[in-house]
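A quick write-up on the structure given underneath.
Bear in mind that the values here come from a model prediction, so they are computed numbers and not experimental data.
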Amino acid sequence: MLSARILAGAPLALVILSLSGCSFLWSCTDTTAERGEAGVRVQVENTYGQLLGVTAEVVDWRLEPHPQVPSRGDQVYFRFRFDGADEYSGPAVDACAVDKKRVVLGCQTVYSSRAFGPADDSLTGDDWFTVEHPEQVAGVLLIPNDQSYDGRTCEEDIKDGGGMHPPEPPSRGDQL
């Protein structure tokens, strides 16, 4: 008789535990998007590979000392442009300095919201980054994957986390 009562109450106990947020009943999977093809001009894509209607472009780049810290020697100065981005909620892409073989020397994320410029070119911004061997820089490339939003992982939130995440930024030595 006691075991019948326990069996009858088990489903109710599982329902209560699941509604309370206990995680042993949740299934969660994290997936990482494939890195898109890097280029000077790219069509920005979401984590599912769908185009966002935004073009990101490296307008120009050069090596020169940063005006605030000239003692650090040459750094990569580059200008970028986002066409089609919303002023407040636009995408972000990784910008990478590469050598002649497209080996990454350094990267950083640039946000379309930082693209500000003179009134005649308000979609253009600029930024700096340091690389260990600036004399090896042959260009600056953009990676088309939108980095502006990366949801919670399963490890962070097994109930509401998971899903598709943007690829990790390239590391020094990766080939694009």
Taking the side chain from [X] and the backbone from [Y], do they hold a donor-acceptor pair closer than 3.5 Å?
X	Y	result
S112	P91	yes
D146	A92	yes
N145	V44	no

D126, D127, D60 screened by side-chain hydrogen bond (donor to acceptor under 3.5 Å, both in side chains) with R79, the one that passes: D60

Interatomic distance, H133 atom NE2 to D74 atom CG [nearest 0.5 angstrom]: 14.0 Å

Rounded distance [0.5 Å steps], CD in E168 versus CD in Q147: 8.0 Å

Nearest non-hydrogen partners of [X] and [Y], listed with the distance:
X	Y	answer
T55	Q43	OG1-NE2, 2.9 Å
A97	V131	CB-CG1, 4.0 Å
K101	Q175	O-NE2, 2.6 Å
P67	P70	O-CD, 3.6 Å
V140	A95	CG1-CB, 4.4 Å
C96	L176	CB-CD1, 4.0 Å

E37 vs R102, salt bridge (Lys or Arg N to Asp or Glu O under 4.0 Å): CA-CA, chis, key distance, verdict: CA-CA 12 Å; E37 181 69 28; R102 295 175 60 116; 3.3 Å; yes

Passing candidate, side-chain contact (heavy atoms from CB on, under 4.5 Å) with L105, options T130, D99, V76, V98: D99

With I143, the side-chain contact (heavy atoms from CB on, under 4.5 Å) member among T109, D94, V104: D94

Ring geometry between F80 and F82 (parallel below 30°, tilted from 30 to 60°, perpendicular above 60°): perpendicular

Parallel, tilted or perpendicular: ring planes of Y77 versus W128, cut at 30 and 60 degrees: tilted

Salt bridge present between R81 and D83 (N-O < 4.0 angstrom): yes

Salt-bridge contact E132-R172 (side-chain N to carboxylate O under 4.0 Å): yes

Over 12 foreign heavy atoms within 6.0 Å of CD, Q68: no

Residue pair Y111 / V93, side-chain heavy-atom distance below 4.5 Å: no

Heavy-atom side-chain proximity of R35 to P170 below 4.5 angstrom: yes

Test log, rule side chain to side chain contact (heavy atoms under 4.5 Å, CB included), inputs W61 and V137: CA-CA 10 Å; W61 70 273; V137 176; 3.5 Å; yes

V42-L52 co-clustered via ILVMFWY side chain contacts under 4.5 Å: yes

Co-membership, hydrophobic cluster, residues V40 and L51, 4.5 Å side-chain: no

Worked verdict on V58 versus L142 for side chain to side chain contact (heavy atoms under 4.5 Å, CB included): CA-CA 7 Å; V58 176; L142 301 175; 3.6 Å; yes

